[in-house]
Every structure is written in C-alpha cells, then in structure tokens.
Amino acid sequence: MNYDFKKIEPKWQKKWEDAQLFKAEDFSKKPKFYGLVEFPYPSGAGMHVGHIKAYTSIEVISRKRRMQGYNVLFPIGFDAFGLPTENYAVKTNTHPRIITDVNIKKFSDQLRKVGFSFDWDRTIDTTDENYYHWTQWIFLKLYEHGLVFRDKTLVNYCPHCKVVLANEDSQGGKCDICHSDVIQLPKVVWYLRITDYAEKLLQGLNDVDYPENIKLQEVNWIGKSTGAFVDFSFNGVDEKIEIYTTRPDTLFGVTFMVMAPEHPLIDKYADRITNMDAIQAYREECARKTEFERTQLVKDKTGLKIEGLEAVNPVNGKVVPIFISDYVMMGYGTGAIMAVPAHDQRDWEFAHKFGIDIIEVIKGGDIEKEAYTGDGEMVNSGFLNGLTNKKDSIAKMTEYLVEKGIGHAGIQYKMKDWAFNRQRYWGEPIPLIHCPNCGVVPVPYEELPLRLPEIQDFEPGEDGKSPLARIPEFVNCTCPKCGGPAERETDTMPQWAGSSWYFLRYVDPHNNKAFADPEKIKYWMPVDWYNGGMEHVTRHLLYSRFWHHFLYDIGEVSTPEPYAKRSAQGMILGADGEKMSKSRGNVVDPLDIVKEYGADTLRVYVMFMGDYGSAAPWNDKSVKGCRRFLDRVGGMIDLVQDGDVEELETAVHKAIKKVSSDIEDQKFNTAIACLMGLINDIYKAGKIGRNQLISFIKLLSPFAPHITEEIYAELGGEGFLTVAPWPEYDEAKTVDAMIEIGVQVNGKFRGKVSIPKDCSKEEALAAGKAAPSVARFMEGKKLVKEIYVPGKILNFVVK
RNA sequence: GCCUCUGUAGCAGAAUCGGUAUAUGCGGCGGGCUCAGAACCCGCGACGGACAAAGUCCAUAGUUGUGGGUUCGAUCCCCACCAGAGGCACCA
C-alpha cells in the first residue's frame, strides 16, 4: 500500500502556500505562539540532517498550536555574513553577494521540500542592507550608552583566517573556523561591555524555562565569585597593590605574593628591582607559550622572585616575598594574588617548588601532603582563632578589612568582554569614524545603513587589516562633528552580530523606520519556544540575551529576556556512531532521503530516532521502518467504516492523551511509538471508524503533514487537516474496564490477575489469593501483611 | 583537576509517585503469499542450566554497568566503585 509521495508532497505544499495557512497575523485576537529555530548559515553544502532535526521539533509544536487555535509565528531566515562565504569568494573569485544569493535560494528550496510550515513572507537575510541597517543602529545605541570601547591587548589571532577571534571562537587554542592554532597578538580592538550585564544575565536565568544543564553552563561561563579586595603594600614604598581573594579568612596564612608577569606596577618600580633583565626574559617566555602549552603545563608551575621589592601583609605587618608567575593572569581580578599555600593547591605547588613557608591557618587537613580547602578551626590567625565556620570567619575578616580601610567585599566574573571586530569584508561595517580632531565619532543615525562597498578583491590584508582599508572611497569621509577630513573604521562586525537580534526583526521584517514596531514587539515577544544547539549556549544565546537586556534597559523592547523557553536537540551521528563529516564519508544528505522515501518519512524518522536531546546514530534500515509505518497509515483507508470501532475506542483516547502530552514534553519518539502501537491494534482489528481514523491522522499530522492531508481529502474532510482542530480525549475512555494487576509474594512477582478497574480492596485481595500461581507460594505460610496499591500491585508478605 | 549528564535485549530506545522491567522501531527466528523476492502479511523470541520441542524441572532462583544499603517491594532513593559523553580549565 505505497503512497505516491512524489506526487502528493509538492501538491499539498503548493495548496498550503496558496491558502496562506502559515501566515502569522499581527494583533490577532487568538492567543499567540512564537516558535523559533536558529536560522541557518547558508553554506554551499546545503542542508544537513542536523538542520532537519533542529527545525522539526518547533515545526511539530507550531503545527500542533495552529490546530489548537493559536496565531502562530514560525519564521525562518538566513545568517549569511561570515567567513566561509568570504573564503569561498576568495577561492573562486566570485562576489560573496552572488554566492550568498545562490546559497539562500538553495536552502529555501530544500526547506520547502521538507514541508516546513514557515511564514515565508517574513524571511530575513542578515546581509541585506535593510537588515544590517538595524544591526548598525543597535551598535550605535550600545556606543551611545558607553558599552563599546577600544582597548589594546593581546588578542587571539588566527594566522590562517587572518582574523582576531573572541575567546568563545578560539576555545582550546584552536580557531573555531579552520581549527588551526591561534596565536596571541597585540592589537587595538573594539569590545562590547557584556561584563556590565553579567549580573543581569545571571539573574535573568531565574525567569526563563531553560533546561538545567543549559542554565548551569551559562552560570559557569559567567563564573561569578564572591570574595574581597585587599590592599597590600610594598615594603618601604607608599603604594597599594590590590589583590582579589575568595578566602580573606586565610590572610594570616599568606607567605608570599604573586603578580601576573605583565602587571604594570612592576614597570613602575623597575628602578628598584634588581633582576629586571630576568623578569623581561620570563615575560617573553610567557608570551611565546601557546594556549596549548599553557594548559599542558598546569602541573608544572614556573615563576621568578622579584628582587628588591617585598610586600607587606596588612593584617599582621608581615613582610613576604613577591613572585611573578603566569599562573596569575592580568585579565582576572587585579592581576595579583596573596598566596596561601596551606589552603590553595596552586599556591601549595608553587611554594613547594620554590621552598617557601607553608603556614596552616585552618585545621583539618595534612598540609604536608596537599593544600586543605575544607572547613575547620582557625589557628595562627589572631582575632579569627577558634572560629570553625568558613562563612563566619570570612564575614569577620571582611568586617575588619572595612573597619581598617584596607579592603572590602567584592565580586568577580570569569566572563570576558566581547571582542567585536573582524578584519574581513563580508560583515556589517562598524559605523564609527576616526577624526584627527574629535577622536572617535559615531556615524549619524540618519546616515545608516553604512553600506558595504562593492569591491573586487576580498583578499584579507597581510597587515591584519580589512580589505575595506584598501578602498579610499570608503575610508575617506568628513567628520560629522567638525566637518574636517576623517577616516572610517574599516573593521567589520563578527558573525554573531546579526544573530543577536534577528528574532526581533521577524515580528516586523519590512519596517524601514525602526528595527520593529514597538506594538508588534509587545504583541509577539517574548519568543515562546526557541530550539537550537548546545554549542551556542555560551555564545549566541548569551550574546542575544545581552543585546535584548540592553534594548530593554533603553526602552526598546517589552521584556528583559528574549526567550521564554529554550530546548536543545541532540546531534545526529553517522551510521558508524561518529560525528558526521566529509572526511569520514558518513554524511547523510537530507534531500536524498526526501527523494527516496519522501519528506514525511524523513520528518518522522528524525523525530523517532531516539530521545530528542540525545545524540543518536543514523540508521538507514530504521528510516525504511518509518516509511513502512507511513505505508501502513495510507493503507488504513481500506479499513474504514462509518461507525466507531468499539474495541479501539480506549486505544484511540489513550493515544490522543499520550501524543498530546508527549509533544509538549518533546518526547517525540514515544509519541510516534504510541501511534505505531495503535496502528498495530487497528490492523489487528481489521477495521477503523471514519472519525477514529481522522483522530489518528490529526495526531500524526504535525509529523507527517502530507500523507495525512491526502488521507483527509480522500475521506472527504472539509478544509485542510493542517488547521483542523486538535483532537480531544475523554479521560473516562482512557482507562480499561478490566485491568491486569501484578501479584507479589514477599515482593517477588508471582502472577497476575484481572480485576475491574474500580474494585474494592477486599475483592482485589481475594482475587490475588485465589490465583493458582500465587496460592502455591503462600501454602503453609503465615500471612503477615497485605499490600494493595489500586491499579498498581498486590503484595502478600508471608513467613 | 572541577562541574554536569549517561549506563536497560544484538542495536536504537520505553517505563508520572519506588509497584507486572523491556513499549516502539531495526536486526534475528518461524510461517504465509509468490515462479521468485531484500516487497507485503501473520506469528515468535530476547534473562542461567537440563530435554528435540510444547512443556516441565533445577527454583519460593536470577535479572536494568559493578558492589553494598534503605524498603513489603528498587531501573527509580542513599553510599562506594567502574565505564562513557559533554562543559570549564592555573578564575585566586
């Protein structure tokens, strides 16, 4: 009973589109549902099966919501700026605009063939000037509010891609794009002050429905720690050296101090330091180390004592030596630490290597063997002696520091500011101007969009400059402030810029007066359900939350958090259980599946292959099984009778209940398994009522919309199944009249009995005892306890 | 090193509260249909040993990575361990 998917799939796709079934209606009186998927980067390779899995979940929810009477916004767009396109442009000497247009066309065609119910009228493209106009606008707002700054620092630089990378894009010391080793390069870069929003990004997690592991990953990434800043001083010099510590209670255990090699106070007191040459040599050695080497050397601490300078502990006046070491970093805290080797493992290792004293101030461990970081009685600690609780001693010490004016409580975050520029062509131009008189001047809002000039040569500059720097017509301009000659910033924004606010553009994609109409934002936002990959948790998700919080603070959007609910799909692995990759040759092209088995089969398969959030290997045989299931669905048309089939009634109502709740819980695999079970029952019965079949195809419709729509038409259904009301179940009909219940003796399963669903305890117990397989085990024993859990179990305890 | 998660049949994967472990699909086995079939239909099993098998017996037995514990009863809760995945990684 094969159905001709090649004919019916395009047919219904066209009919749905002609009937505009997926058009979201602004300000509709119906309840709204905004379902969002991470818009694709339109690569030349076309869609990956991973895209299908990522999109089908929200697709299923969106289709179900429409049937439930919601006004649904389910949009799609293209995140099209980025390096792969530009690299391909350089390689083929084709303009990135042309490549992007071709790829977007390809992706759109593919997405349509899978039957996704996107509202195509709202499609966006981040490289469209009508879109990046507003990316630049938001950037200028950030600038206006002091959240954009320039700093000269060591940056992660990829020599292959010739770009500066954010920490997030160079994890593990490898370039995220080409995987070559990243080197450290001194450079002036633009930053967005995301750290100003660390607390809001942390607190905001309390108000959203994200899976715990995603929340946790963001919390760890933000890395909040509470502690204290304490002022140490140099012996004999009037100078404060501020340190940050999470354990101010261990101040009496300080036996040395460590500063980051590049700490500026070292240069300030260079004339007092007698081994400056050695320090310079150590600094150079550190700068040469790659990220990889640094992580490999975690266990083996290196460092150098500063000769000629010593530090004074402010709580006891003790003079301690100062070291420099690259285990202390300039980028966290104050770039200097107090070292308490007895109670910090890193300090302990350093002290051991350099023969420094270790003074115990908390009892409980064996500091000969390792640092002790647990709780215990304070000793050798003056006024803290005798306290046994970490919290109390930290509080008492902090109080003391404030009283003496030598320190105060403080908070630190691990998160770094966001390096926000790239030296490449295919990105949003940064709308800033460098004027010799006025300094940095923003491009006036009315001059936006600042267009990317049409150029022929996209080769990145050897000097680490953007190709835009070679276009005098672009670079040379007049200063909007003083009218004098000035130069434009030639760097462009990073890949993450356009995706940091795209969900706002969907609510009003054609607006040319604002990024979106405030009323439409109020109507549609927040996104009700956003699905995407785990790999974006500490990047796109965090970045877009940051921008949205900012836009909320300046009154541009209606809620602080952009996404009410977030979910994440598990990866689809190759048939060999390994990550899909061209080099392994285990890549599955979703369009091949559509061609061979149909879009419905592909959709059902990716939803059925396992727990949605877990990784699962591709299995061609299992794809065929899904196709077989759909063929059996099509075959039910031959079993239809007018009236309901009584014996199937309970199974149908159970299925409505289970499929409805399973979809909400993202248990798509069990929803489909339930329908597979039901169809087995139907074939066993050899018949099905017309209305029962309609309920069945409604439940399947979000997963397999084409075949179900076709069956609905054959049954003479009115309108489209796609927007027919979602079936309801009768709770009373979801329970069987007679239930089978397990009977245990001493907790061991010994048999089962069939009893009426609402029978009394006495009846149940009697039935249990009467069962021959059970009676055997109770013969000659004394019954001490009878347990009856209605609907669950009978248990007889005997001796 | 720290944090999080996972471990169920040959494979993938089910199992609201602690209550008949293994739904569903793949693969396997048996049968039907057929000239034939990897197509379709029907059925079966999966967890020790014995008998050719139904069944019976060992056996009031065992069974969810391993070993303990709590409980009338544990895939589920607690403790310890083993294995795998992911995240962070000298964050003071």
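Within every chain, numbering begins at 1; the chains are lettered A, B, ... in the order of the sequence lines, protein sequences first and strands thereafter.
- Contact annotation for A:Gly223: no contact, since no heavy-atom pair falls under 4.0 Å across all strands.
- In this structure, A:Lys414 reaches the bases: a heavy-atom distance under 4.0 Å links it to at least one base atom across the strands shown.
- Among the atoms of the strands shown, only primed sugar atoms or phosphate atoms (P, OP1, OP2) are found under 4.0 Å from some heavy atom of A:Leu216.
- Within 4.0 Å of A:Met534, counting heavy atoms only, lies no atom of the nucleic acid at all.
- Ion pairing between a basic and an acidic side chain is recognised when a charged N comes within 4.0 Å of a carboxylate O; A:Arg627 and A:Asp631 show such pairing.
- Within 3.5 Å, no donor on the side chain of A:Gln217 pairs with an acceptor on the base of B:G86, nor the reverse.
- Residue pairs that meet the salt bridge (Lys or Arg N to Asp or Glu O under 4.0 Å) test with at least one member in residues 248-261 of chain A, sequence neighbours left out, are A:Arg247-A:Asp249.
- A:Lys667 comes within contact range of the sugar-phosphate backbone alone, with a heavy-atom separation under 4.0 Å but no base atom that close.
- Residue pairs meeting the salt bridge (Lys or Arg N to Asp or Glu O under 4.0 Å) criterion with at least one member in residues 328-345 of chain A, sequence neighbours excluded, are A:Asp344-A:Arg346.
- In this structure, A:Asn669 reaches the sugar-phosphate backbone alone: every heavy-atom distance under 4.0 Å involves primed, P, OP1 or OP2 atoms, never a base.
- A:Asp347 comes within 4.0 angstrom of no nucleic acid atom, judged by non-hydrogen atoms across all strands.
- Annotated as syn: B:C17, whose glycosidic dihedral is within 90° of 0.
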